[in-house]
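Each chain gets a letter, A, B and so on, in the order the sequences are listed, and its residues count up from 1. Since the structure is predicted, the reported quantities are computational estimates derived from the model, not experimental observations.
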Amino acid sequence: MSVLIFLETTDNQIKKSSLEALVYGRTIASRSGGSVTAVVAGNPSNLSEAASHGASSVMQISDSRFSQNDTQAFAEALSEAANQKSASLIVMAKSVFSDSIVPKLSSIWKAGAATNVVSLPESDANFSVKRSIFTGKAFEAMKLTSERKIVSIKKNAVAVSLAPAAGEVVAFQPSVSSKAFSIRTVSTEKATGEILLSDAEIVVSGGRGLKGPENWGLVTDLAKVLGAATGCSKPVSDLHWRPHHEHVGQTGIKVSPNLYIAIGISGAIQHVAGISSSKVIVAINKDPEAPIFKAATYGIVGDAFDVVPKLTQALRNSL
Amino acid sequence: MNILVCITSVPDTTSKISFSDNDTKFVSAGITFIIGPYDDYALARAVELKEAAGSGNITVFHVGEADSEPVIRKALAIGADDAVRVNSVAKDGYFVADQIAAYAKTKSFDLILMGKESIDFNSGIVHGLVGELLGIPSISPVMKLNINGNEATMEKEIEGGKETLQASLPLVLGCQEPIAEWKIPSMRGIMSARTKPLQVIEPTSFSSGLEFEKYELPTPRTNCKMISDSQVEELVTLLKSEAKVI
Ligand SMILES: Cc1cc2nc3c(=O)[nH]c(=O)nc-3n(C[C@H](O)[C@H](O)[C@H](O)COP(=O)(O)OP(=O)(O)OC[C@H]3O[C@@H](n4cnc5c(N)ncnc54)[C@H](O)[C@@H]3O)c2cc1C
Ligand SMILES: Nc1ncnc2c1ncn2[C@@H]1O[C@H](COP(=O)(O)O)[C@@H](O)[C@H]1O
């Protein structure tokens, strides 16, 4: 089956999670000898990684209107690209952006969609995939029976591996309808140079145990040494100690990094739901009975104000 | 202003999830059901917008069986004027979107508000599908919403930040905090909710490209390895050589 992969960019870079989507799509295509095409807008500095991860062709959109990230325009463009390549599957990384593209694309391209997918399909004929549901508390196996299929995959669902392909880059000028670009962007506020929480390999998160925003240096120093993104519990963002977009959990961002470090976080079920698919969880909490230790791989019972600076220093010495 | 608010009835966020019948049925015994947290934000903002305008009507819409009526009554107690329940299990996002669009076509809503995502099925696609079915723009996740005449100004979350957008009504919006604070029904609200109209309609027939097979629970983590607070170097070693994550 021929596969089209949408590569999302941030800070002019193809996102890591999009490379995972590419590897996922390549794996399916290679089973049956289908083609692997990637679509990207703009000119990301790591464009060559598309080829090294297995895209034999990259369709590059240069139309500057696409820099607005209009989901309708992207949905129409992806549908057109998939038709050109006779693809029967479109794969993308799950993200705030792709969440809005998927339903539009599903309707325009007449395809069934499964979001939040964490496994490869059984086979092309039996396209049964596992989705994460109940906000990380369970999975469901479900089969996509439509002729055309769309899958958005959860971060860290597949291991990224190289499989260099020819990788020609071709210009792609999609023809978009009058519905595209009908929503006017007045302004954009985006942190640049920061590691995206949802895309991060390591996340350092702080809770109410840190007592106040003035103590956040503990979290950010540790994060800096590890090259990690920073997160927080819901009360912390409710109290405006940290920005809303850092709030992790059932009603916030769901993360699945390789390493999640929870500092002064009690481990309420709503918080744990958002981190449960992390590979390794480290908990630092002064209360040995805190439920976070039930979810953690490694735990330290101790005062964060004492333990975290020591940990940061130990890492600085050894990395 | 006429607003349609679509709500789910979902297990309370503290619920432990379990399955029966060979992992094909969700066990609802002992579970408290609530309005989906994101749907609850959407409802709260709808009530505020109506209050600010001094006129208008809020209809809550739900696809589900009769046992979700307490949740619908709660939405009425919070401030919706009437409710519609489609009498069917919500098979998947496509099915739900079809029901919403079919109903909305018979009325004229200025706004169709939803949660950005349900916390049971987590598909996050219903708002987008409804927008497509009705041929109107859909935007999600919306963190702020103001209406001025026929124009909406919204703040939308983007990765690592936010964007301010403008579009003309009608719109379909997927909502999330901090669009409004959750509202607690007042005693008067609860009393009046009992007599507000709740219409039950039958679903339109429909088939989607999805087939449910079975549920699965995540494998529990093995016991947490404890490290003394005077030996943080040991944690660094474990992360490097045992877990291999740094
Ligand atoms: C509908 C709903 C949805 C929710 N969604 C979310 C969500 O998405 N994400 C989320 O995080 N929460 C969510 N919550 C809130 C959740 O129930 C908890 O209240 C919250 O996670 C607790 O945050 P916390 O762990 O930072 O604070 P607390 O529960 O106050 O815990 C603080 C912890 O810090 C420890 N501590 C204190 N001092 C120190 C110190 N000096 N050193 C080390 N440790 C210390 C304490 O032992 C304690 O365990 C939700 C709640 C509801 C009702
Ligand atoms: N059964 C349902 N009845 C009414 N609205 C629903 C139903 N399921 C989902 N929705 C709405 O669609 C939003 C997104 O749901 P989902 O696509 O399942 O994540 C929810 O937050 C609700 O507002």
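- Within 6.0 Å of atom CG in N150(B), more than 12 heavy atoms from other residues, nucleotides or ligands are found, so the atom counts as buried in its surroundings.
- Of the two parts of K94(A), only the side chain, counted from C-beta on, holds a non-hydrogen atom closer than 4.5 Å to a non-hydrogen atom of chain B.
- Interface remark: S118(B) contributes no atoms to any contact with chain A (heavy atom separation under 4.5 Å).
- Nearest heavy atom pair, residue S95(A) against residue E8(A), reads OG-OE1, 2.7 Å.
- Using a 4.5 Å cut-off between heavy atoms, I139(B) contacts chain A through its side chain alone, with no backbone atom that close.
- Interface remark: P218(B) contributes backbone and side-chain atoms alike to the contact with chain A (heavy atom separation under 4.5 Å).
- A donor-acceptor distance shorter than 3.5 angstrom exists from the side chain of S256(A) to the backbone of K155(A), with no hydrogens or angles considered.
- The backbone N or O of A73(A) sits less than 3.5 Å from a side-chain atom of D70(A), completing a donor-acceptor pair.
- For S237(A), no part lies near chain B; criterion is any non-hydrogen pair under 4.5 Å.
- For a residue to count as touching a neighbouring chain, one of its non-hydrogen atoms must lie under 4.5 Å from one of that chain's; by this rule E151(B) touches chain A with the side chain only.
- Residue I158(B) touches chain A through both its backbone and its side chain, counting heavy-atom pairs closer than 4.5 Å.
- Heavy atoms closer than 4.5 Å to chain A are found in the side chain of K240(B), but not in its backbone.
- In this structure the side chain of T9(A) never reaches within 4.5 angstrom of the side chain of Q13(A), judged on heavy atoms.
- With a threshold of 4.5 angstrom between heavy atoms, E117(B) approaches chain A through side-chain atoms but not through N, CA, C or O.
- Neither the backbone nor the side chain of E155(B) comes within contact range of chain A; no heavy atoms are under 4.5 Å apart.
- Only the side chain of D238(A) comes within contact range of chain B, with at least one heavy atom under 4.5 Å from a heavy atom of that chain.
- Only the backbone of A111(A) comes within less than 4.5 Å of a heavy atom of chain B; no side-chain atom from C-beta onward does.
- Residue pairs meeting the side-chain hydrogen bond (donor to acceptor under 3.5 Å, both in side chains) criterion with at least one member in residues 288-302 of chain A, sequence neighbours excluded: Y298(A)-E242(B).
- Residue R131(A) touches chain B through its side chain alone, counting heavy-atom pairs closer than 4.5 Å.
- Residue pairs meeting the side-chain hydrogen bond (donor to acceptor under 3.5 Å, both in side chains) criterion with at least one partner in residues 304-313 of chain A, sequence neighbours excluded, are Q313(A)-R316(A), Q313(A)-N317(A).
- Below 30°, between 30° and 60°, or above 60°: for F74(A) and F97(A) the angle between ring planes is above 60°, a perpendicular geometry.
- Near-neighbour residues of residues 89-100 of chain B relative to chain A, defined by a heavy atom under 4.5 Å from a heavy atom of that chain, comprise Y94(B).
- Aromatic ring centroids of Y215(B) and F26(B) lie 6.0 Å or more apart.
- Using a 4.5 Å cut-off between heavy atoms, Q250(A) contacts chain B through both its backbone and its side chain.
- For D229(B) (side chain) and V307(A) (main-chain N/O), no donor-acceptor pair under 3.5 Å exists by modelled atom type.
- Contacts of M143(B) with chain A are made by side-chain atoms alone, with heavy-atom separations under 4.5 Å and no backbone atom involved.
- For I202(A), the part lying near chain B is the side chain, with the backbone staying farther off; criterion is any non-hydrogen pair under 4.5 Å.
- Checked against salt bridge (charged side-chain N to carboxylate O under 4.0 Å, His left out), K130(A) has the following partners two or more places apart in sequence or in another chain: E216(B).
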